[in-house]
*Asks:* 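Attaching a single structure in structure tokens format; questions to follow.
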Number of protein chains: 2
Amino acid sequence: MALPQSVKIVEVGPRDGLQNEKEFVPTRIKIDLIDRLSAAGFRNVESASFVSPKWVPQMADGAHVMAGIARRPGTIYSVLTPNLRGLEGALAAQADEIVIFGAASEAFSQKNINCSIAESIARFEPVTQAAKAAGLRIRGSVSCSLGCPYQGEVPVASVVDVVERFAALGCDEIDIADTIGVGTPKRTREVFEAVTKVFPRERLSGHFHDTYGQALANIYAALNEGIEIYHASVAGLGGCPYAKGATGNVATEDVLYLMNGLGIETGIDLAQVVAIGDFISTATGKANASRAGKALLAKARSEQTPCV
Amino acid sequence: MALPQSVKIVEVGPRDGLQNEKEFVPTRIKIDLIDRLSAAGFRNVESASFVSPKWVPQMADGAHVMAGIARRPGTIYSVLTPNLRGLEGALAAQADEIVIFGAASEAFSQKNINCSIAESIARFEPVTQAAKAAGLRIRGSVSCSLGCPYQGEVPVASVVDVVERFAALGCDEIDIADTIGVGTPKRTREVFEAVTKVFPRERLSGHFHDTYGQALANIYAALNEGIEIYHASVAGLGGCPYAKGATGNVATEDVLYLMNGLGIETGIDLAQVVAIGDFISTATGKANASRAGKALLAKARSEQTPCV
């Protein structure tokens, strides 16, 4: 199969990335981050989460963030909605897309939300019905698609099953998420080969974490399966809650560098994203986790101060 | 093309990795590192450099390192030899393999050694003749194969030309080296497709740097071209002299994790290598640059102290 000629990069840093930050990131910084990202060319930015602030205090200002950003025409601003209350928040905030989620691992589902996979997804039915009625886009995220911190191996059939359940709920897009970054290219291809049989290839996305350094190899593997949507987090924002000090979401800069090298169109300006990665790393006081970002920043700095 | 069933991993940390360390690493640490690596299953360890100590003070103790290690039967201990004097050192140290090198970039060759590519490789002729006569293996390393810090793009034909010159000198193995880590999978495949036409596939190796985060994607691309030898540096030892603070050699742990996930045999125990990465990072006082290494160390530590 030929590689896609263009891909959509969904920037998840403002939500999936920042969510793991312990120190509260000021609302104005979140707004600034999202506005810089849409200006750099991202057509889809995961921007907030309408989850109880008791669970995720970092996301408590979702309504203010959504109210403060400068909406760029054509850009989809997504928000996470765990329940009907979250959907109310999403509607009030005029989000373009809601994100619902379920694990492909029974052990993860039981441990995290104390119910079966099937039940956890069935609970979203009133949410998706109301979202559809309101004309919102719906994205379903299948966590633990390539492995689980509790049960280890996750059968491909379980991923297919969750994809079918999300499809039945009317999801417009479905993410195959390697939540803990344990996947490698062989399993990535097997999973995408299986799920493309039950859901349209062009509406499936790859959400990879770089915890074991495999994310870019997995993205290259998924490209070879014809997948056209990828998630990434600027400066690699967000760690891994299952391995302290380990890497989380794949860095957007690294993904863009890959796509540029493969001649695959993204519509996003890498140099601008490198600058945004520098901005948010400085603002949060965290080390920039993007290798391409760090290399390009180092190069730019050395060119500004030539050796004498 | 089916992926190889097994690969050889050449561990380059003790030479290519440590060479970039500013702080001198004690000889006994270098010896300990090499012995741990051969015990973990590496069949080829790049161990020292017989280059003038004025150029690379970190490698000044090569003779003592080679004299101090416990030779494991079947393991190839390689040393870098820039000239006949270096070869004398290699012979005295009873190295198994010498490494010679040349750039595929004319600008790099001129800037670094002030002569043309052709001339730089011709200079190795007395070295390779003497090495052959002494029964040593010879490896040729083609630097800047995927890009150059001075001229940028490097033509595929230039890489092929250097490979042919090394082949004519009697090289047993030839490395396609992405010295500054700028390559991506498309160019990686193009280069290997071209060089396999002039040199046996099974004696070509991929030497990737992770400066832009592309190394594992490039290795997966090279596996798809049937390449069976890869270089890696434990804990990602060694930075990038062309971009301060950026990542250097791809980390061995990440490469082994990839191979294990693909079901490709390496003969090397990942858990042992993770422990070696921890040992050398602690000994050098440098952050462990292996993502798989950091994640596996974090996991092991959390299992030792379970949450209560």
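We name chains A, B, ... by the order of the sequence lines, and we start the count at 1 in each one.
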*Asks:* Counting heavy-atom pairs closer than 4.5 Å to chain B, which one of A/Gly261, A/Ala295, A/Ala298 comes out on top?
*Replies:*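 Result: the option with the highest number of such pairs is A/Ala295.
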
*Asks:* Check each atom of B/Thr247 against the heavy atoms of chain A and say whether the ones under 4.5 Å are side chain, backbone, both or neither.
*Replies:* side chain

*Asks:* With a 4.0 Å cut-off, would you call A/Lys286 and A/Glu23 a salt bridge?
*Replies:*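 A salt bridge is absent here (no side-chain N lies under 4.0 Å from a carboxylate O).
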
*Asks:* What option among A/Leu296, A/Leu297, A/Leu3 has the most heavy-atom pairs under 4.5 Å with chain B?
*Replies:* A/Leu296

*Asks:* Judged by atom type as modelled, is there a donor-acceptor pair below 3.5 Å linking the side chain of B/Glu253 to the main-chain atoms of B/Ala235?
*Replies:*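 At least one qualifying donor-acceptor pair exists.
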
*Asks:* Tell me whether B/Arg301 is salt-bridged to B/Asp278, with the criterion being a basic N under 4.0 Å from an acidic carboxylate O.
*Replies:* yes

*Asks:* Taking A/Glu153's backbone N and O only, do any of them form a donor-acceptor pair with A/Gln151's side chain (distance below 3.5 Å, no angle check)?
*Replies:* yes

*Asks:* Sort A/Ala287 into side chain, backbone, both or neither according to what part of it lies under 4.5 angstrom from a heavy atom of chain B.
*Replies:* neither

*Asks:* Sort A/Asn218 into side chain, backbone, both or neither according to what part of it lies under 4.5 angstrom from a heavy atom of chain B.
*Replies:*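 Neither part, no heavy atoms under 4.5 Å.
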
*Asks:* Of the backbone (N, CA, C, O) and the side chain (C-beta and beyond), which part of A/Ala215 lies under 4.5 Å from a heavy atom of chain B, both, or neither?
*Replies:*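 Contact with chain B: none, neither part.
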
*Asks:* A/Val182 versus chain B, heavy atoms under 4.5 Å apart: side chain, backbone, both or neither?
*Replies:* both

*Asks:* Quick check against the 3.5 Å criterion: does B/Gln58 have a side-chain atom that pairs as donor or acceptor with the backbone of B/Glu21?
*Replies:*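 Yes, B/Gln58 side chain to B/Glu21 backbone: donor-acceptor pair under 3.5 Å.
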
*Asks:* For the candidates B/Ala251, B/Ala221, B/Gly213, which exhibits the highest count of non-hydrogen atom pairs separated by less than 4.5 Å from chain A?
*Replies:*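 So the answer, after comparing B/Ala251, B/Ala221, B/Gly213, is B/Gly213.
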
*Asks:* Please determine if B/Arg291 and B/Asp210 form a salt bridge, counting it only when a charged side-chain N lies under 4.0 Å from a carboxylate O.
*Replies:* no

